[in-house]
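Structure first, then comments.
For this chain, numbers begin at 1 and follow the sequence in order.
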Amino acid sequence: MKPLKSIIILVLLTLTFSSCNSNKNNQETVLFQCPMHCESDKTYTDAGNCPICKMDLQSLEPSTSKIENTIGISEESIFNLTSDWNTEEGEQIQLRDLKGKTLVMVMIYTSCKAACPRLVADMRNIEAKIPDDKMDQLNFALISIDPETDTPERLKAFAIENYMDEPQWTFLQGTESGVREFANVLAVKYKQISPIDFSHSNIISVFNPQGELMHQQEGLGVDNNETIETILQLIH
């Protein structure tokens, strides 16, 4: 866990401190920069995507609202990420909107016929071992690695089909760069191998209510006792 946490801290620090002090007058040009600094400190005058990693360029102009929303969030928290996401209900949120509950998260895509159904079964198996009176302290989130195909409508249908349409379940569709950014933070690897297929890591991650990574379960159908124990410690 320590090496992975170090990676998370490094990535989130880069994202958190990518903004510099505001300019002295409101008419000065706003600059944009890759959050991963792929081209060192190169800046752009227009918003867009990094030509190397394809992540959204971030404004170097500070945002008061973002500073206020990150009060109480540590450098290790995924809530420092500022990408926008659509839920299966069609609502637009940021990850920090999930703050306050223990998070159990996995990255899948709905057209997968191999690993993803087993990951979904693993998530259901974890849910089944949590006492009903503790369920309101949990949020099970499934993030699509195929945002072009997995629209909110498709995610909603998938949730209903798999009996995952209760309040503790959340499905998220992001932008291509937002998904890649989140996957990088979690050390989840994925690659499109055909128009409808992806190869990807099989990792379920547990975060505390402040968005800090506490445990990862890797593999399909593996012993989840440690995962359950971590969750129960967080929601006691």
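In Lys129, the NZ atom is crowded: over 12 heavy atoms of neighbouring residues, nucleotides or ligands sit closer than 6.0 Å. Within a 6.0 Å sphere centred on CD of Glu176, other residues, nucleotides and ligands contribute 12 heavy atoms or fewer. Within 6.0 Å of CD in Glu89 there are more than 12 heavy atoms belonging to other residues, nucleotides or ligands. Other residues, nucleotides and ligands contribute more than 12 heavy atoms inside 6.0 Å of the CD atom of Gln192.
The heavy-atom pair separating Leu81 from Arg96 by the smallest distance is O-NH2, 4.3 Å. The two atoms that bring Leu95 and Ile78 nearest to each other are CD1-O, 3.8 Å, heavy atoms only. Considering every non-hydrogen atom in both Ile193 and Ser199, the closest pair reads CG2-OG, 3.9 Å. Closest approach of Leu186 and Gln216 over heavy atoms only: O-NE2, 3.4 Å. Of all the heavy atoms in Gly219 and Leu119, the pair that sits closest is O-CD2, 4.4 Å. Considering every non-hydrogen atom in both Pro147 and Val179, the closest pair reads CG-CG2, 4.3 Å.
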Q | Criterion side-chain contact (heavy atoms from CB on, under 4.5 Å) on Ile145 and Ile108, from CA distance to verdict | A | CA-CA 6 Å; Ile145 61 174; Ile108 65 164; over 6 Å; no
**Q.** Residue pair Asn202, Arg118: steps toward the side-chain contact (heavy atoms from CB on, under 4.5 Å) verdict
**A.** CA-CA 9 Å; Asn202 302 310; Arg118 297 184 66 185; over 6 Å; no
Q.
For Trp85 and Ser83: C-alpha separation, side-chain torsions, deciding distance, then whether side-chain hydrogen bond (donor to acceptor under 3.5 Å, both in side chains) applies.
A. CA-CA 7 Å; Trp85 301 82; Ser83 50; 3.1 Å; yes
Q. Tyr190 and Tyr109: side-chain contact (heavy atoms from CB on, under 4.5 Å), yes or no, with the steps?
A. CA-CA 11 Å; Tyr190 69 93; Tyr109 64 106; over 6 Å; no
Q: Evaluate side-chain contact (heavy atoms from CB on, under 4.5 Å) for Leu142 paired with Thr170, printing each intermediate quantity in order.
A: CA-CA 6 Å; Leu142 294 89; Thr170 300; over 6 Å; no
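With Asn162 contributing its side chain and Phe158 its backbone, the two residues share a donor-acceptor pair below 3.5 Å. Here the side chain of Asp223 pairs a donor or acceptor atom with the backbone of Asn225 at under 3.5 angstrom. In this structure, Asn139 contributes its side chain and Lys101 its backbone to no donor-acceptor pair below 3.5 Å. Looking at Ser201, its side chain never comes within 3.5 Å of a backbone N or O of Ile203 through a donor-acceptor pair. One N or O on the side chain of Asp97 and one on the backbone of Gln94 form a donor-acceptor pair closer than 3.5 Å.
Contact annotation: the side chain of Val104 approaches that of Ile204 to within less than 4.5 Å [non-hydrogen atoms, C-beta and beyond]. Contact check for Ile143 versus Val106: no side-chain heavy atoms found under the 4.5 Å cut-off. Side-chain contact check for Ile235 versus Leu138: some heavy-atom pair is nearer than 4.5 Å. Gln33 places none of its side-chain heavy atoms less than 4.5 Å from the side chain of Leu57. Counting heavy atoms from C-beta on, the side chains of Leu232 and Ile130 come closer than 4.5 Å. For the pair Phe182/Met105, a side-chain contact is recorded, criterion being any heavy-atom separation below 4.5 Å from C-beta on. Looking at heavy atoms from C-beta onward, Gln168 lies in side-chain contact with Glu127 at the 4.5 angstrom threshold. Proximity of Gln137 to Thr102: side-chain heavy atoms (C-beta onward) are nowhere separated by under 4.5 Å.
No side-chain N or O of Asn224 forms a donor-acceptor pair with one of Asp122 less than 3.5 Å apart. Neither side chain, Ser205 nor His215, offers a donor N or O lying under 3.5 Å from an acceptor on the other. No side-chain donor-acceptor contact under 3.5 Å links Asp150 and Gln173. Donor-acceptor pairing under 3.5 Å is lacking for the side chains of Ser77 and Gln210. No hydrogens or angles considered: a donor-acceptor pair under 3.5 Å links the side chains of Thr149 and Asp146. At a cut-off of 3.5 Å, with distance as the only test, a side-chain donor of Ser74 or Glu212 sits close to an acceptor on the other residue.
In this structure, Val222 is not a member of the same hydrophobic cluster as Leu213, with clusters built from ILVMFWY side-chain heavy atoms closer than 4.5 Å. Residues Phe171 and Ile160 do not share a hydrophobic cluster, defined by chaining ILVMFWY side chains whose heavy atoms lie under 4.5 Å apart.
Salt-bridge annotation for Asp197 and Lys113: absent, with no side-chain N of the basic residue lying under 4.0 Å from a carboxylate O of the acidic one.
For the pair Arg124 and Phe140, the cation does not sit on the ring face, since its NZ or CZ is not both under 6.0 Å from the ring centre and inside 45° of the axis.
Rounding to the nearest 0.5 angstrom, the gap separating the CG atom in Leu172 from the OG atom in Ser144 is 9.5 Å. Atom CD of residue Glu88 and atom OG1 of residue Thr110 lie 12.5 Å apart, to the nearest 0.5 angstrom. Going from atom CG of Asn86 over to atom CD of Gln92 covers 5.5 Å, rounded to the nearest 0.5 Å. Rounding to the nearest 0.5 Å gives a distance of 3.0 Å between OG of Ser177 and CG of Asp56.
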